[in-house]
Asks: 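Sharing a structure with you now.
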Amino acid sequence: MSVLLEASELNMHFKGLKAVNNFNAQIEKGSICGLIGTNGAGKTTVINMLSGVLVPTSGKIIFDGKNITGVRPDKIAKMGITRTYQNLRLFKKMTVLENVIIGAQMHDKLDPLGIVGNTIPHKRREAELKDKSMEMLKVMGIEKYADHISGSLPYGSQRKLEIARVLAADPKLLLLDEPAAGMNPQESAELTEIIRGIRDRYGLTILLIEHDMKVVMGLCEYIYCMAFGEIISEGLPEAVRNDPKVIEAYLGRGAVHAEN
Ligand SMILES: Nc1ncnc2c1ncn2[C@@H]1O[C@H](COP(=O)(O)OP(=O)(O)OP(=O)(O)O)[C@@H](O)[C@H]1O
Ligand SMILES: [Mg+2]
C-alpha cells in the first residue's frame, strides 16, 4: 500500500484559538478513512487545509508526491482532491444535471456554462459531459431527478447530488464533510453502500468526516479522532471506538456506543 496524502505537523491557529494543533495523518491509497470528534474539534478545519480553502499556519501537506501546502483550492481540485461541504453548496436554481456538469467541466479550459457556438467538437464535448454526469447521477441513485431544479430535491438527495458533482471531477481523493448529516437511518445506510461502491468502482481514496457512528464504523478502515484541535486517538475502528480517551471526549455529548 502506498500513501496518497500525508499531513505533517499541521497547525491552524486563528488569533488565540488553536483550531488544529499538530495534526499528523497518512492516508493510504484506496482506503476509506474517518475523521471523527465532537463539535468544534477541528475536523472541518483539517479538510479546509487539505483542500486549500485555508492556508495552514504551519506544517506540510504532501499529496501524490507533491507539496500542496498553501496551493489555491482550484489548483488542488485539478490535482485531484475534491470535497463536499458540511453546509451544501449547490446551485439551487439550476437543474440536478447542470450541477453535475459543472463538476465534470472542471478539467476543461472552457469557462463553466460558457459553452457557446455550435462546432462539432463543442457538441461532442457537451454530449460527453452530459453522459458522464448522468453516469454520476446513476451511481448516486438520483438519475430520476436529472431535470429537476436542485433546490426542490429532498434534502438527502441534495446531499447525494453534491457527491455526484464532486465525483464528476475525477478526484483521486474525495473529502466528504458529514455526508450523512440530516439523513434518516435508511438513507444513511443506503449512502454507506453507495460510498463503498464508488470507492471500489473508481479506485478512489476517501476521507470522511461523520458524526453518524454507524456510517463511520460501516465504512472506515482507519479512523482519526480529534478533540479540541488535536488527534486524541487513531487506528482501526474498533480500537478507536473502545479507546477510553475517545469515550471520555464523547461523554455528555452522546457516547460513541450510544449512537449505534
Ligand atoms: N475561519 C475561522 N476563523 C476563526 N475560527 C474558526 C474558523 N474556522 C473554524 N474556527 C473555529 O475552529 C474550531 C474548529 O472548528 P471546525 O469547524 O473545524 O470544527 P468541526 O470539528 O468541524 O465541528 P463540527 O462537528 O461542529 O462541524 C471552532 O472553535 C471554530 O469556531
Ligand atoms: Mg465541521
Side-chain angles (χ1 to χ4, degrees), residues 5 7-25 27 32-61 68-74 76 81-90 155-156 158-160 162-163 166 173-183 188 191-192 195 206-217 219-220 222-235 237 240-241 243 245-260:
L5 182 132
S8 315
E9 296 173 29
L10 274 189
N11 288 295
M12 189 71 237
H13 297 175
F14 300 110
K15 300 206 172 101
L17 176 76
K18 294 181 173 179
V20 173
N21 208 29
N22 194 29
F23 182 90
N24 292 286
I27 301 178
I32 302 182
C33 261
L35 185 53
I36 65 168
T38 49
N39 293 117
K43 306 179 298 295
T44 296
T45 304
V46 167
I47 281 198
N48 283 341
M49 289 189 281
L50 301 183
S51 59
V53 171
L54 287 172
V55 178
T57 310
S58 61
K60 193 159 79 171
I61 306 164
I68 59 158
T69 326
V71 173
R72 285 199 338 242
D74 55 319
I76 290 185
I81 302 183
T82 62
R83 56 120 12 127
T84 61
Y85 287 85
Q86 190 166 351
N87 304 309
L88 293 169
R89 292 197 182 176
L90 294 169
Y155 185 72
Q158 292 194 27
R159 286 221 158 269
K160 288 180 185 166
E162 213 183 35
I163 299 177
V166 293
L173 173 64
L174 193 56
L175 308 173
L176 302 175
D177 198 346
E178 299 197 28
M183 287 189 172
S188 54
L191 184 74
T192 301
I195 292 175
I206 297 174
L207 176 65
L208 169 100
I209 296 178
E210 190 47 69
H211 284 291
D212 184 331
M213 280 302 145
K214 240 184 172 151
V215 175
V216 172
M217 293 296 156
L219 269 179
C220 300
Y222 197 86
I223 294 177
Y224 294 93
C225 178
M226 294 179 75
F228 301 107
E230 304 202 351
I231 294 174
I232 56 165
S233 181
E234 66 171 275
V240 171
R241 181 160 69 167
D243 185 334
K245 287 198 286 287
V246 174
I247 293 166
E248 197 189 324
Y250 274 88
L251 278 181
R253 312 192 194 198
V256 236
H257 286 277
E259 287 182 29
N260 262 317

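Remember, it's 1-based here, ligands and their atoms both numbered in the order they're listed. Reckoned from all heavy atoms, side chains included, excluding hydrogens, waters and symmetry mates.
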Asks: Does ligand 1 have an atom that lies less than 4.0 angstrom from a heavy atom of His211?
Replies: yes
Asks: In a check of side chain to side chain contact (heavy atoms under 4.5 Å, CB included) between Leu207 and each of Leu176, Ile32, Leu50, which one passes?
Replies: Leu50
Asks: Using distance alone, determine whether Ala19 and ligand 1 share an N or O pair under 3.5 Å.
Replies: no
Asks: Is there a donor-acceptor contact under 3.5 Å from the side chain of Lys18 to the main chain of Gly229?
Replies: no
Asks: What protein heavy atom sits nearest atom 14 (C) of ligand 1, and how far off is it?
Replies: Gly40 O, 3.4 Å
Asks: List every atom of ligand 1 that sits less than 4.0 Å from any heavy atom of Ala41, numbering the atoms from 1 in the order shown and giving each element.
Replies: 19 (O), 20 (P), 21 (O)
Asks: What is the closest protein heavy atom to atom 17 (O) of ligand 1, and at what distance does it sit?
Replies: Thr44 CB, 3.7 Å
Asks: Indicate the atoms forming the closest heavy-atom contact of Pro179 with Leu208, along with that distance.
Replies: CG-CD1, 3.5 Å
Asks: Which protein non-hydrogen atom lies closest to atom 5 (N) of ligand 1, naming both residue and atom, and how far is it?
Replies: Phe14 CD1, 3.3 Å
Asks: Is any side-chain heavy atom of Ile163 less than 4.5 Å from a side-chain heavy atom of Leu191?
Replies: yes
Asks: Any idea which protein heavy atom is nearest atom 18 (O) of ligand 1, and the distance to it?
Replies: Thr45 OG1, 2.5 Å
Asks: Quick one: which ligand 1 atoms are inside 4.0 Å of a heavy atom on Gln86?
Replies: 24 (P), 27 (O)
Asks: Which of these passes side chain to side chain contact (heavy atoms under 4.5 Å, CB included) with Ile223: Leu35, Asp243, Val240?
Replies: Val240
Asks: Is any side-chain heavy atom of Pro56 closer than 4.5 Å to one of Phe23?
Replies: no
Asks: Ligand 1 versus Glu178, non-hydrogen atoms closer than 4.0 Å: side chain, backbone, both, neither?
Replies: side chain
Asks: Judged by atom type as modelled, is there a donor-acceptor pair below 3.5 Å linking the side chain of Thr38 to the main-chain atoms of Tyr250?
Replies: no
Asks: Quick check: does Thr45 put an N/O/S atom under 2.8 Å from the Mg ion (ligand 2)?
Replies: no
Asks: Using distance alone, decide if ligand 1 has a nitrogen or oxygen within less than 3.5 Å of any nitrogen or oxygen in Leu17.
Replies: no
Asks: Taking the side chain as every heavy atom from C-beta outward, state whether His13 and Asn21 have any pair of such atoms under 4.5 Å apart.
Replies: yes
Asks: Does an N or O from Gly37, backbone or side chain, lie closer than 3.5 Å to an N or O of ligand 1?
Replies: no
Asks: Which residue holds the protein heavy atom closest to atom 25 (O) of ligand 1, what is that atom called, and what is the gap in Å?
Replies: Lys43 NZ, 2.8 Å
Asks: At a threshold of 2.8 Å, where the distance has to be below it, does the Mg ion (ligand 2) have an N, O or S atom of Gln86 nearby?
Replies: yes
Asks: Give a yes/no verdict on whether any heavy atom in Met226 is under 4.0 Å from an atom of ligand 1.
Replies: no
Asks: Which residue holds the protein heavy atom closest to atom 26 (O) of ligand 1, what is that atom called, and what is the gap in Å?
Replies: Asn39 ND2, 3.0 Å
Asks: Check whether any side-chain N or O of Glu162 sits under 3.5 Å from a backbone N or O of Arg89 as a donor-acceptor pair, and report yes or no.
Replies: yes
Asks: Among Asn48, Leu174, Val166, find the one that has a side chain to side chain contact (heavy atoms under 4.5 Å, CB included) with Arg83.
Replies: Asn48
